[in-house]
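Have a look at this one before I ask anything.
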Amino acid sequence: MEKLSSSIPRDLKLRIQNAKHVVVITGAGISAESGIPTFRGEDGLWKNYRAEELATPWAFEKNPELVWKWYDWRRGIIAKAAPNPGHIIIAEMEQFYPNFTLITQNVDGLHRKAGCKNVIEIHGNLWRVRCIREGKTFYLEEVPLHEIPPHCSCGALVRPDVVWFGESLDPTLIRKSQKALTTCDLLFVIGTSGIVQPVASFPSIAKQSGAFIIEINLEPTPISAIANISLRGKSGEILPALFKTD
Ligand code: OAD
């Protein structure tokens with residue numbers, strides 16, 4: 001494990017500067033410094049709430065009002081949050097690298113708010129809703145919602161357009177991610193516990209294809225074992241340090 005002191009090793013900076021195709025994977029940790037709770041750990045959402053009562057299709061079928069009340073509460077927190085220096089550096093990376101792919105597990109939309117244009121939101125987006133009858137999706141950004149649970153113009157309920165436990169991810173987004181992972185030369189894995197599939201396996205795909213892997217996290221994760229370098233600390237501090245020109 002490398003400890004980030006006042007200076008970043010020169011060879012690491014050169015590797016970052018000279019990379020051609022970069023992939024970044026982010027998890028809840030990138031948004032923690034914006035005041036958005038993560039899922040696991042001491043103050044994590046899954047410590048105080050039961051996923052099976054709030055984030056499954058069965059929970060929604062049983063009690064859509066309860067599920068929507070929870071999402072309305074989270075939307076309220078996220079609406080007040082601003083992108084932090086970590087999100088901003090990633091948006092700058094998108095401009096800097098000729099080939100750049102961002103895959104996020106976050107549904108908060110903060111990467112787009114920071115200016116990222118092409119984001120693979122692999123777990124969906126909590127500002128988008130889906131009609132349960134017609135399947136059509138649209139953005140519903142009202143905070144707080146005036147109607148809980150909200151309805152589509154066709155009269156049917158809408159649900160958050162996010163991936164719940166027990167549901168499959170969009171195969172088109174998986175294919176797009178896999179293509180980037182097999183062709184990148186540098187992969188950043190930032191602020192994810194690395195235990196939720198299929199994203200947890202994405203770093204191994206890049207590793208097998210020869211990519212150099214940099215992990216940024218407060219603590220060790222299963223990804224640390226395959227990362228070439230693991231930087232311990234806050235992504236909102238480490239990312240700006242990595243890209244600072246001396
Ligand atoms: P977790 O809450 O599981 O993990 C957050 C990770 O971020 C932990 O490893 C922390 O150590 C790290 N972390 C916290 N603050 C940080 C900071 N300031 N800088 C760097 N790292 C920090 O979140 P995810 O791994 O994103 O899925 O969770 C994956 C999925 O599990 C989520 O997308 C969600 C959840 O159930 C669905 O809702 C489908």
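Computed from a predicted model, the values in this text were never measured in an experiment. When a ligand or atom number is given, it counts from 1 through the structure's own listing order.
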Report summary line: Note: Thr38, heavy atoms under 4.0 Å from ligand 1, region reported as both
Query - Protein heavy-atom partner closest to atom 27 (O) of ligand 1 - residue, atom, separation in Å - result: His123 ND1, 3.5 Å
Query - Backbone or side-chain N or O of Gln105 under 3.5 Å from ligand 1 N or O - result: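 Indeed, backbone or side chain, Gln105 has an N or O that close.
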**Report entry** Contact atoms of ligand 1, heavy-atom distance to Gly233 under 4.0 Å
**Finding:**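 Ligand 1 atoms under the 4.0 Å threshold to Gly233: 19 (N), 20 (C).
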Requested in this report: For the pair Arg75 and Glu142, find out whether any cationic side-chain nitrogen is under 4.0 Å from an anionic carboxylate oxygen.
Outcome: no
Query - Glu167 bridged to Arg159 by N-O distance under 4.0 Å - result: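 Yes, charged N to carboxylate O under 4.0 Å.
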**Report entry** Arg40 N/O under 3.5 Å from ligand 1 N/O
**Finding:** yes
Report task. Would you kindly specify which portion of Phe165 sits under 4.0 Å from ligand 1, judged on non-hydrogen atoms: side chain, backbone, both or neither? Result ->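 Looking at Phe165 and ligand 1, just side chain atoms fall under 4.0 Å.
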Query raised in the report: Quick one: CD1 on Ile120 to CD on Gln105, what's the gap to the nearest 0.5 Å?
Result: 12.5 Å
**Report entry** Axial cation check for Phe138 ring with Arg128, 6.0 Å and 45° limits
**Finding:**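 Arg128 over Phe138 ring: no.
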Query raised in the report: Does any N/O atom on Ala32 come nearer than 3.5 Å to any N/O atom on ligand 1?
Result: no
Requested in this report: Report the C-alpha distance between Ile214 and Leu186 in whole Å, list the side-chain angles of each, state the deciding distance to 0.1 Å, and finish with yes or no for side chain to side chain contact (heavy atoms under 4.5 Å, CB included).
Outcome: CA-CA 8 Å; Ile214 302 175; Leu186 179 61; 3.8 Å; yes
**Report entry** Glu33, any N or O under 3.5 Å of ligand 1 N or O
**Finding:** yes
Report task. Between Ser193, Gly86, Pro37, Ala55, flag the one that comes closest to atom 4 (O) of ligand 1 by a heavy atom. Result ->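 Ranked by closest heavy atom to atom 4 (O) of ligand 1, first place is Ser193.
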Query - Atom indices of ligand 1 within 4.0 angstrom of Gly27 heavy atoms, with elements - result: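 Once the distances to Gly27 are compared, the set is 26 (O).
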Query raised in the report: In terms of residue, atom name and distance, what is the protein heavy atom nearest to atom 6 (C) of ligand 1?
Result: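 It is Gly191 O, 3.4 Å.
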Query raised in the report: What residue and heavy atom of the protein are closest to atom 10 (C) of ligand 1, and at what distance?
Result: Asn217 OD1, 3.4 Å
Query raised in the report: Short N/O distance, under 3.5 Å, between Ile216 and ligand 1?
Result: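 No - when backbone and side-chain N and O of Ile216 are compared with those of ligand 1, no distance drops under 3.5 Å.
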Query raised in the report: Would you call Glu215-Arg232 a salt bridge at under 4.0 Å N-O?
Result: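 Answer for the salt bridge query: yes.
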Query raised in the report: Where does the angle between the aromatic ring planes of Trp68 and Tyr71 fall among parallel (under 30°), tilted (30 to 60°) and perpendicular (over 60°)?
Result: perpendicular
Query raised in the report: Can you tell me the protein heavy atom closest to atom 38 (O) of ligand 1 and the distance?
Result: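 For this ligand atom, the closest protein heavy atom is Val163 O, 4.0 Å.
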